Amino acid sequence: MKEQIIELIMTAAKLDRETVAGILEIPPKADMGDYAFPCFQLAKTLRKAPPAIAADIAAKIGDVDIIDKLEVKGAYLNFFLKKEMFVKSMLERADTANFGSSAAGKGKTICIDYSSPNVAKNFHVGHLRTTIIGNSLYKIYSKLGYHVERINHLGDWGTQFGKLIVAYKAWGSREAVEENGVAELMRLYVKFHEEADKNDALNDEARAWFTKMEHGNEEALEIWRWFVDISLKEYKGTYELLGMEFDHYTGESFYRDKTAAVIEKLQNANLLEESEGARIVDLEEYNMAPCLIMKKDGSSIYATRDLAAVYYRKETYDFEKCLYVTGQEQKLHFAQVFKVMELLGNDWAKDSLVHIPYGLVSLEGAKLSTRSGNIIYAEDILLEAIDKVKKTIEEKNPNLEDKDEVAKIVGVGAILFHDLYNQRIKDVSFKWDKVLNFDGETGPYVQYTYVRCASILRAVSYDENADINCGLLLDDEAVALLKEINRFPQVVMDAAEKYEPSVVARFAMDVAQSFSRFYNACRVNVEDTDLRNARVKLVALTKNTLKDALDLLGIQCPEQM
RNA sequence: GCACCAGUAGCUCAAUGGAUAGAGCAAUGGCCUCCGGAGCCAUGUGAGGAAGUUCGACUCUUCUCUGGUGCACCA
């Protein structure tokens with residue numbers, strides 16, 4: 001019905017569609033009407049006081065069948081729609097297959113580079129964020145019809161492997177690595193840094209080993225492959241727990257034979273210069289530190305590999321956009337890489353390469369640090385949450401079937417929701433009691449609301465195909481809930497535009513809270529068949545919407561919990 | 001030193017430049033003859049500071065304060 005309001009205003013005020021649609025808004029409170037048209041902006045061109053303009057438009061619109069009441073309140077022209085018609089239109093809109101999805105991205109590809117853990121290091125709370133945010137963006141863009149390539153740009157190449165090889169040879173053993181996996185690699189890595197602090201020669205030795213890797217030294221590569229395999233196996237366990245998959249595990253090593261071409265391009269474009277023995281692209285003109293391309297020993301660095309990756313992805317996937325979900329501390333790095341791509345004559349780079357930064361995770365206020373032991377691993381958090389949910393189930397619903405499966409869905413959902421509920425850029429101070437609290441604005445609350453819907457649909461007898469009498473859905477709580485649900489398509493678009501899953505998470509919460517109020521005020525299982533069918537319809541719509549919204553966050557819904 | 005990000009209720013956070021700045025947590029008091037109490041209802045406290053742009057600023061600009069992050073051979 002929004003469209004009809006727009007047209008009424010267009011005719012009455014003699015304005016074009018774009019202007020009207022841009023001004024028309026939904027009032028902050030229900031008692032201010034269903035739509036509002038603030039007339040401030042028109043005052044200048046019409047040279048009239050805003051309230052007078054509002055009154056004028058109201059008079060010109062006059063009596064229309066879809067409008068119950070027009071109210072001029074200050075500069076605002078508030079539209080109160082005929083409730084029954086309004087409810088009907090909202091109901092029909094939401095009651096369609098693929099509600100919330102669109103074809104906006106049809107035929108377009110988006111690459112998302114996310115998760116990308118550093119091989120041979122444990123997967124900790126910080127890595128969870130990129131993984132969860134990236135996965136949600138994948139879901140959101142898919143909902144809008146985009147084809148998405150999920151790329152795990154593993155940190156599986158670089159000097160850290162030189163360090164690991166040195167450490168392995170000095171203080172490690174095959175048996176220990178085989179027995180303890182990544183934990184042992186981690187131990188070796190930490191040990192290396194402790195020793196290197198005392199003996200800088202170790203760093204040179206590590207760089208030398210990495211250079212050997214770059215030159216194809218079999219001994220080095222064999223150890224490297226082994227370490228990568230061990231790490232990947234562990235990461236995949238975590239991804240499985242999270243219910244996430246990737247299309248490509250093309251890590252940094254994938255680009256090792258593609259960096260030479262990048263360097264050649266830079267040379268041809270006359271962008272490369274020597275500085276302190278290394279090769280750089282000077283970016284002073286753009287108020288940025290220089291971008292390091294080649295180390296003084298001739299080996300590549302992550303920027304080089306990132307550049308190679310951009311070229312590869314553009315050629316292979318022909319992306320509309322390539323998103324990089326990493327911590328905000330890497331902002332400068334990506335700004336440099338993107339700028340270099342631009343300087344190489346790739347005009348598309350400016351708009352299609354996007355860094356999606358997120359805030360830093362700290363632990364109980366202190367910085368995360370493997371070396372000081374101030375760290376929590378992703379898997380531990382997930383398992384802890386699952387465990388807590390299981391205890392709650394034992395307490396509240398001991399006869400539930402599939403307890404383990406439900407505990408997993410709810411526990412993992414709690415962690416995901418917690419991570420996605422606030423704007424990405426906010427720093428996160430990890431606190432166990434917050435993460436494991438399932439009351440209020442939490443994932444389990446939304447899932448619980450879904451379960452209530454499911455429970456009602458099981459308990460109540462109704463006719464799925466009955467014509468709904470919208471005149472029976474006029475309770476304030478029912479109308480408010482429908483209004484909330486109707487925001488879904490816009491919410492998905494906003495979330496995509498801002499690269500911000502929290503928009504969807506907030507929406508899911510709003511719907512759930514709205515439903516809870518409805519649930520408390522209006523009984524569904526009533527004698528009157530028509531009323532029952534109407535309310536059941538609303539419950540079913542809520543259920544679907546919650547499921548779809550949570551799905552966009554990578555969260556599943558149990559039917560019971 | 002330079003750059004970037006964030007400052008909103010005791011805590012954690014919301015709010016396309018618009019109406020009386022909203023939620024949750026914590027606290028207190030209510031609500032099951034009723035579809036699941038992981039719920040609902042009620043009660044209180046407010047924008048780091050200063051200028052500016054605007055009819056209108058939590059939102060935009062500048063300065064400033066506080067906290068965080070980054071600034072060459074790690075990723």
Side-chain angles (χ1 to χ4, degrees), chain A residues 22-23 25-29 32 36 38 40-41 43-44 49-50 73-76 78 116-118 121 153 155 157-160 163 203 206-207 252 275-280 287-297 299-303 305-306 326-333 335-336 357 359-360 362 367 389 392-393 395-397 410 414 421-423 425-429 431 433-434 437-449 451-460 490 494 502 506 509-510 513 516-517 519-526 532 535-536 539 560-561:
Chain A
I23 295 176
E25 60 185 33
I26 294 171
K29 293 206 169 94
M32 296 171 178
F40 301 102
Q41 299 168 41
K44 205 166 253 174
K73 205 168 186 183
Y76 288 88
N78 292 335
S116 313
N118 285 324
K121 287 191 189 172
H153 189 70
W157 201 249
T159 311
Q160 75 266 30
K163 293 176 182 175
N203 282 315
R207 285 187 203 107
E252 294 194 70
S275 170
E276 297 170 33
R279 304 297 204 89
I280 62 156
N287 204 18
M288 274 186 256
C291 184
L292 192 64
I293 299 294
M294 192 194 279
K295 299 193 280 190
K296 63 185 167 200
D297 63 6
S299 59
S300 70
I301 191 162
Y302 60 110
R305 297 189 285 273
D306 270 333
T326 77
Q328 53 92 10
E329 65 275 11
Q330 293 193 47
K331 213 169 170 179
L332 174 60
H333 163 67
Q336 290 171 322
L360 207 74
S362 61
K367 206 172 169 179
V389 171
T392 310
I393 291 173
E395 193 183 302
K396 303 192 180 203
N397 196 1
V410 177
Y421 195 53
N422 294 327
Q423 295 174 13
I425 202 66
K426 301 273 177 173
D427 286 343
V428 175
S429 178
K431 293 199 180 75
D433 57 341
K434 291 268 184 209
N437 171 35
F438 303 149
D439 295 330
E441 297 172 337
T442 65
Y445 170 82
V446 181
Q447 286 169 321
Y448 177 73
T449 308
V451 165
R452 270 180 159 176
C453 292
S455 176
I456 291 170
L457 297 183
R458 277 195 304 271
V460 176
Q490 188 61 46
D494 285 351
S502 67
R506 297 269 163 186
M509 181 56 59
D510 289 341
Q513 286 176 332
S516 291
R517 273 178 226 120
Y519 175 89
N520 245 265
C522 307
R523 198 174 160 73
V524 178
N525 198 4
V526 291
R532 199 187 330 137
R535 287 183 174 166
V536 161
V539 172
Q560 298 184 54
M561 66 191 268

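In what follows, every heavy atom counts, from backbone to side chain, and hydrogens, waters and symmetry copies are set aside. Order of the sequence lines sets the chain letters (A, B, ...), proteins ahead of strands, with each chain counted from 1. All of these numbers come straight from a predicted model, not from anything done at the bench.
Heavy atoms of A/G158 sit under 4.0 angstrom from primed sugar atoms or phosphate atoms, though from no base atom. Looking at heavy-atom distances under 4.0 Å, A/K367 makes contact with sugar-phosphate atoms alone, never a base. Across all strands shown, A/Y445 has heavy atoms under 4.0 Å from sugar-phosphate atoms exclusively, and none from any base. Across all strands shown, A/Q447 has no heavy atoms under 4.0 Å from either base or sugar-phosphate atoms.
Counting only heavy atoms from C-beta on, A/K29 has its side chain closest to B/U20 among B/C71, B/U20, B/U69. Listed nucleotides B/G70, B/C74, B/C25 differ in distance to A/R207; the shortest reach to its side chain belongs to B/C74. Side-chain proximity of A/L292 to the nucleotides B/A72, B/A23, B/A15 is greatest for B/A72. Among B/A14, B/A19, B/C35, the nucleotide with an atom closest to any side-chain atom of A/P27 is B/A19. Checked against B/G68, B/C74, B/C35, the side chain of A/Q160 finds its nearest nucleotide in B/C74. With distances taken from any side-chain atom of A/D439 to the nucleotides B/C35, B/G39, B/G70, the minimum falls on B/G39. Closest approach to the A/N520 side chain among B/U20, B/A72, B/G39 is made by B/G39 (side chain taken as heavy atoms from C-beta onward).
Judged by distance alone with a 3.5 Å cut-off, a donor-acceptor contact links the side chain of A/S455 to the base of B/G36. No hydrogens or angles were tested; on distance alone, a donor-acceptor pair under 3.5 Å links the side chain of A/N78 to the base of B/A19. A/S275 contributes a side-chain N or O that forms a donor-acceptor pair with the base of B/A72 under 3.5 Å.
In this view, A/R452 satisfies the salt bridge (charged side-chain N to carboxylate O under 4.0 Å, His left out) rule with no residue, not counting sequence neighbours. A search for side-chain hydrogen bond (donor to acceptor under 3.5 Å, both in side chains) contacts involving A/T449 returns nothing, not counting sequence neighbours. Under the side-chain hydrogen bond (donor to acceptor under 3.5 Å, both in side chains) criterion, A/T392 pairs with no residue at all, not counting sequence neighbours.
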Within the sub-3.5 Å range, which N or O atoms of nucleotides 53-55 of chain B have a protein N or O partner, and how far apart are they?
from: B/C55; atom 1: OP1; to: A/K44; atom 2: NZ; distance (Å): 3.3

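Remark: P of B/G68 and CD of A/E329 are 15 Å apart, rounded to the nearest angstrom. What separates CZ of A/R305 from P of B/C74 is a distance of 10 Å, to the nearest Å. Rounded to whole angstrom, the span from the OH atom of A/Y421 across to the C1' atom of B/A15 amounts to 12 Å. If you take CD1 of A/I456 and P of B/G39, they are 16 Å apart, rounded to a whole angstrom.
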Reading nucleotides 4-11 of chain B from 5' to 3' and marking B where a protein heavy atom lies under 4.0 Å of the base, S where only the sugar-phosphate is that close, and - otherwise, the string is SSSS----

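For the 3.5 Å distance criterion, the side chains of A/R207 and A/T159 fail to qualify, holding no donor opposite an acceptor.
Consecutive pairing runs in RNA chain B reach the stem threshold at B:1-7 with B:65-71, B:10-13 with B:22-25, B:27-31 with B:39-43, B:48-52 with B:60-64, where a stem means at least three Watson-Crick or G-U wobble pairs with distances under 3.5 Å.
Side-chain contact check for A/F438 versus A/V389: some heavy-atom pair is nearer than 4.5 Å.
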